[in-house]
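Throughout, numbering of the chain's residues begins at 1 and tracks the sequence.
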Amino acid sequence: MNAPVRTEQAELIVPEGVYAETVLSVTHYTDRLFRFRMTRPQGFRFRSGEFAMIGLMVGGKPLYRAYSVASPSWDEELEFFSIKVPDGPLTQHLQAIQPGDKVLMRKKPTGTLVLDALTPGKRLYMFSTGTGIAPFASLIRDPETYEKFEEVILTHTCRDVAELKYGFDLIDEIRGDEMLSEIVGDKLKHYATVTREDYPFMGRITDLIDNGKMFADLGVPPLDPQVDRGMICGSAAMLKDTKLLLEKAGLNEGANNKPAEFVIERAFVG
């Protein structure tokens with residue numbers, strides 16, 4: 001197994017046109033999930049909700065995967081939320097990083113989960129499973145989100161209760177931030193569900209949309225293309241099923257060059 005390069009080594013072998021940033025902190029939530037923060041290059045600009053290609057030197061070569069930037073565009077640091085895959089080409093190494101280590105990042109961010117890809121509306125749904133919450137971690141901490149929408153609903157579905165903690169930490173951080181808490185106010189609703197443990201809210205988000213329980217739990221009306229907008233990020237099956245439900249409700253899929261009622265992120269972490 002190739003170990004990730006250490007700080008003093010990385011500076012010697014950084015590929016052309018790539019940033020090499022320093023890990024500042026690492027938080028391990030479960031044996032499957034972790035969060036890390038690293039320095040932000042001075043010239044790096046991105047829109048909240050976009051992803052970047054980040055990586056490590058493995059076996060003497062750079063190895064990259066797409067990761068949503070979990071921090072908002074105004075943050076002076078970059079945050080990422082990652083799954084741990086034991087035999088994942090990158091994640092088996094990335095999960096071992098420590099403060100002071102170097103992480104590579106390509107210079108151009110991209111992605112469809114951006115506010116510009118949606119037409120104006122009143123209520124924004126962010127549907128996520130697992131680490132699919134990462135782009136929404138960026139968007140729910142961006143003041144522009146609350147300028148454009150009267151209500152923001154973040155849904156996060158995981159297998160186990162412990163896997164929901166990152167989402168609850170985000171909400172606590174917003175409430176504990178004087179500026180953000182004032183901007184967000186009571187506009188943000190957090191709807192967390194699990195599929196494998198007893199919990200007040202249980203079930204796949206697609207089932208809860210389909211049977212109407214999500215709307216009843218949140219005290220909001222069913223999906224309405226006139227006022228509701230959506231963003232979807234999660235597993236391939238979840239993307240497909242949620243897309244069908246939104247289309248059934250009359251919402252159309254949009255993109256950066258053609259804004260509409262909902263958008264999907266199809267870049268995956270491996």
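- Side-chain contact of Asp217 with Tyr191: a donor-acceptor pair under 3.5 Å is present, judged by distance alone.
- Between Met179 and Ile174, the closest side-chain pair of non-hydrogen atoms is not below 4.5 Å.
- Between atom CD of residue Glu173 and atom CG of residue Leu180 there is a gap of 10.0 Å, rounded to the nearest 0.5 Å.
- Two residues are said to be in side-chain contact when any heavy atoms from C-beta on lie closer than 4.5 Å; Lys148 and Asp116 meet this criterion.
- A side-chain N or O of Thr157 and one of Thr193 form a donor-acceptor pair less than 3.5 Å apart.
- At a threshold of 4.5 Å between non-hydrogen side-chain atoms, the residues Leu94 and Phe36 count as touching.
- Taking a cutoff of 4.0 Å between a charged side-chain nitrogen and a carboxylate oxygen, Lys122 and Glu261 do not qualify as a salt bridge.
- To the nearest 0.5 angstrom, Tyr146 atom OH is 5.5 Å from Ile140 atom CD1.
- One finds a salt bridge joining Arg37 and Asp75 here, because a Lys/Arg side-chain nitrogen approaches an Asp/Glu carboxylate oxygen to under 4.0 Å.
- Taking 4.0 Å as the cut-off between side-chain N and carboxylate O, Arg40 and Glu21 do not count as a salt-bridged pair.
- A cation-pi contact, defined as under 6.0 Å to the ring centre and within 45° of the axis, links Lys107 to Tyr19.
- The CG atom of Leu104 sits 10.0 Å away from atom CG of Leu63, with the distance rounded to the nearest 0.5 Å.
- A donor and an acceptor atom, one from each side chain of Thr206 and Asp241, are nowhere located under 3.5 Å apart.
- Interatomic distance, SG of Cys233 versus CD1 of Ile264, reported as 10.0 Å (0.5 Å rounding).
- Between the side chains of Thr155 and Tyr125, not a single donor N or O lies within less than 3.5 Å of an accepting N or O.
- Side-chain atoms of Thr110 and Glu50 form no donor-acceptor pair, as typed in the model, at a separation below 3.5 Å.
- Between Glu79 and Arg141, the closest side-chain pair of non-hydrogen atoms falls below 4.5 Å.
- Partner of His28 under the side-chain hydrogen bond (donor to acceptor under 3.5 Å, both in side chains) criterion, chosen from Arg35, Lys84, Gln95: Lys84.
- The closest side-chain heavy-atom distance from Lys189 to Val220 is below 4.5 Å.
- Separation of atoms CE (Met105) and CD1 (Ile54) is listed at 8.5 Å; rounding is to 0.5 Å.
- Aromatic rings from Phe168 and Tyr166 are positioned such that their centres are separated by 6.0 Å or more.
- Counting heavy atoms from C-beta on, the side chains of Ser138 and Arg47 never come closer than 4.5 Å.
- Within the 4.5 Å cutoff, the side chain of Phe80 has heavy atoms near those of the Leu78 side chain.
- Between Leu90 and Tyr67, some side-chain heavy-atom pair lies under the 4.5 Å cut-off.
- In this structure, Arg229 fails the cation-pi test against Phe149, since its NZ or CZ atom is not both closer than 6.0 Å to the six-membered ring centre and inside 45 degrees of the ring normal.
- Asp228 has a carboxylate O that lies under 4.0 Å from a charged side-chain N of Arg123, or vice versa, which qualifies the two as a salt bridge.
- In this structure, Lys187 does not pair ionically with Glu150, as no charged nitrogen and carboxylate oxygen lie closer than 4.0 Å.
- The OG1 atom of Thr242 lies 14.5 Å from the CE atom of Met231; values are rounded to the nearest 0.5 Å.
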